[in-house]
There are 2 protein chains.
Amino acid sequence: MTGQRGYHHGDLRRALLASAVEAITEAGPAALSLRDLARRAGVSHAAPAHHFGDKAGLLTALAVEGFDLLAGALREAGDLLDAGVAYVRFAVGHRAHFEVMFRPELYRRDDPEVAAARERAGAALRAGVAALPRDGTDPDEEADALAAWSIVHGFATLWLAGALPPRTGPDPEAAARKVIRRLFD
Amino acid sequence: MTGQRGYHHGDLRRALLASAVEAITEAGPAALSLRDLARRAGVSHAAPAHHFGDKAGLLTALAVEGFDLLAGALREAGDLLDAGVAYVRFAVGHRAHFEVMFRPELYRRDDPEVAAARERAGAALRAGVAALPRDGTDPDEEADALAAWSIVHGFATLWLAGALPPRTGPDPEAAARKVIRRLFD
DNA sequence: CTCGCCATCTTGTCAACGGCAAGTTAGGCT
DNA sequence: AGCCTAACTTGCCGTTGACAAGATGGCGAG
């Protein structure tokens, strides 16, 4: 039981991360304010610094969380098409994590924890590509992986940016499935 | 001749936009400071506000410039493969513009000028897809356009984020060409 | 049981920033 | 010559991230 008020706060670190996700989802990472997070948690403006050092530290923790969530989602997927849809679902459903993960100027991308988590996600992605039934002709698995990653990442990014035309429809997963299939024709 | 010191500055607006591109290329849009731009131009800290209203106004102007640059690059391309490579070349060569264009929370995306410029770029993109030789089977041009846009946008984004593994090589255009070809197999 | 340690959190301060208001300068037009 | 207005300046306010130094309280050693 990581209660509300164990000694000082109880679980400030977790509370700050949760508030950060909320704030970033609403207004983007640029608008994130450590002081605002502190206010939401009912602590002083300098409390967050103790847990994360600085803003980049908090976002680094968020990136780690994100890469692990993504790795989990990819591992649960079946074939490569499923994995692609899962990637898009992750991006749309965990917008805050996703936006931070791929904006390396916001956090410490060489942090060992984040490097390890990124590697776990990368491995899950490559496993999906390796499981593709090959029709023999061109075994450039590297280019296949890059193409698959690019198409789902691009679709997710464009969706989140609101750049896609209205006729794409309201359901990102359905639209993504149609798009990803274009890679396999 | 839009000289250096015509009356007050000469061409502050243009100078600010140029400095902004430089600053964003170096440190990302989040680190952009109007006051820093003013210092670089040798004017007071409030001068930029006169030309752009606020930070979002400056970035709106930058987005317009970017969409027009992109539209031009796409129009000059030959077939769809060329256009895809041109898209990636634009993203890498005009990183600052590209990053702002697809981060709508940074600027006024409903600004009429930016909407018009975005539409010009979109038209250029769709023209490339329409020129694709069709083999008849499935004439879903919408999904084709979305797939093409997604794969080049995803590749460009991942490249800029530094997310691609080192074995991708140092040349984004060559790698992009290999990846885009995967769509046409 | 008490004493001291140390992670946790607070208070106070600083420079930098975006934005606003009010004043000043200077080109151009009548 | 005289004014009009765009272009820029000066001064200010509230907010932010970061840092330093102090307060609080749980917990283990003796």
Side-chain angles (χ1 to χ4, degrees), chain A residues 1-24 26-63 96 100 103-108 111, chain B residues 1-20 22-24 26-63 100 103-108 111:
Chain A
M1 189 95 59
T2 54
Q4 302 283 65
R5 298 274 162 188
Y7 41 106
H8 279 153
H9 175 279
D11 207 355
L12 220 207
R13 188 188 155 92
R14 201 176 295 272
L16 289 172
L17 281 174
S19 298
V21 168
E22 206 178 316
I24 295 173
E26 286 166 8
L32 184 68
S33 147
L34 291 183
R35 289 171 109 102
D36 179 52
L37 296 185
R39 276 190 294 270
R40 295 196 197 198
V43 296
S44 81
H45 66 257
H50 177 72
H51 289 275
F52 300 104
D54 56 6
K55 201 173 184 172
L58 187 147
L59 294 177
T60 301
L62 233 163
V100 171
R103 217 161 288 181
E105 78 275 13
L106 292 179
Y107 65 98
R108 284 185 260 284
D111 177 279
Chain B
M1 189 93 61
T2 54
Q4 302 284 63
R5 300 272 162 188
Y7 39 107
H8 280 156
H9 176 277
D11 207 355
L12 220 207
R13 187 188 155 93
R14 202 175 295 272
L16 290 173
L17 282 175
S19 298
E22 206 178 316
I24 294 172
E26 287 166 9
L32 185 69
S33 147
L34 291 183
R35 289 169 110 102
D36 180 52
L37 296 185
R39 275 191 295 270
R40 296 196 196 198
V43 295
S44 81
H45 64 89
H50 178 71
H51 289 277
F52 300 104
D54 57 5
K55 200 173 184 173
L58 187 149
L59 294 177
T60 301
L62 234 164
V100 171
R103 218 162 288 181
E105 78 275 12
L106 292 179
Y107 65 97
R108 282 185 262 283
D111 176 280

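Computed from a predicted model, the values in this text were never measured in an experiment.
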Enquirer: With the side chain of B:Arg39 defined as its heavy atoms from C-beta on, choose the nearest nucleotide among D:dA20, C:dC9, C:dC17.
Expert: C:dC17
Enquirer: Rounded at 0.5 Å granularity, tell me how far CZ in A:Arg13 sits from NE2 in A:His50.
Expert: 11.0 Å
Enquirer: Calculate the interatomic distance between A:Leu34 atom CG and C:dC9 atom P; express it in whole Å.
Expert: 15 Å
Enquirer: Could you tell me the separation between the NE2 atom of A:His51 and the CG atom of A:Asp11, rounded to the nearest 0.5 Å?
Expert: 8.5 Å
Enquirer: So B:Ala49, base contact, sugar-phosphate only, or nothing? Heavy-atom distance under 4.0 Å.
Expert: nothing
Enquirer: Could you check A:His50 against A:His45 and say which one's nearest nucleotide on DNA chain C is further toward the 5' end?
Expert: A:His50
Enquirer: Measuring from the side chain of B:Lys55 (C-beta onward, heavy atoms only), which nucleotide among C:dC9, D:dC19, C:dG18 has the closest atom?
Expert: C:dG18
Enquirer: Applying side-chain contact (heavy atoms from CB on, under 4.5 Å) to A:Leu16 and A:Leu34, what does each step give before you reach the verdict?
Expert: CA-CA 9 Å; A:Leu16 289 172; A:Leu34 291 183; over 6 Å; no
Enquirer: Between B:Leu37 (CG) and C:dA16 (P), how many Å, whole number?
Expert: 16 Å
Enquirer: Can you measure A:Leu58 atom CG to D:dA18 atom C1' for me and round it to whole angstrom units?
Expert: 15 Å
Enquirer: What is the separation between atom CZ on A:Arg35 and atom P on C:dA15, rounded to the nearest whole Å?
Expert: 15 Å
Enquirer: Under 4.0 Å between any heavy atoms, over every strand shown, what does A:His51 touch: base, sugar-phosphate, or nothing? Just pick one.
Expert: sugar-phosphate
Enquirer: Would you mind classifying the nucleic acid contact of A:Leu32 as base, sugar-phosphate or nothing, using non-hydrogen atoms under 4.0 angstrom?
Expert: sugar-phosphate
Enquirer: Expressed as a whole number of angstroms, how long is the span from B:Phe52:CZ to D:dA6:C1'?
Expert: 15 Å
Enquirer: Can A:Asp111 and A:Arg108 be said to form a salt bridge (Lys or Arg N to Asp or Glu O under 4.0 Å), step by step?
Expert: CA-CA 5 Å; A:Asp111 177 279; A:Arg108 284 185 260 284; 5.5 Å; no
Enquirer: Kindly give the heavy-atom pair with the smallest separation between A:Ser44 and A:Ala38, and that separation in Å.
Expert: O-CB, 3.3 Å
Enquirer: Nearest-Å distance, CG (B:Leu12) to C1' (C:dA26)?
Expert: 15 Å
Enquirer: Of the nucleotides C:dT11, D:dT9, D:dA18, which has the atom closest to the A:Ser44 side chain?
Expert: C:dT11
Enquirer: From the options C:dC17, C:dT10, D:dG17, select the nucleotide whose nearest atom is closest to the side chain of A:Ala47.
Expert: C:dT10
Enquirer: Within this structure, what is the CG-to-P distance between A:Asp36 and D:dT15, rounded to whole angstrom?
Expert: 12 Å
Enquirer: For A:Ser33 and D:dT15, is the shortest distance between a side-chain N/O and OP1 or OP2 below 4.0 Å?
Expert: no
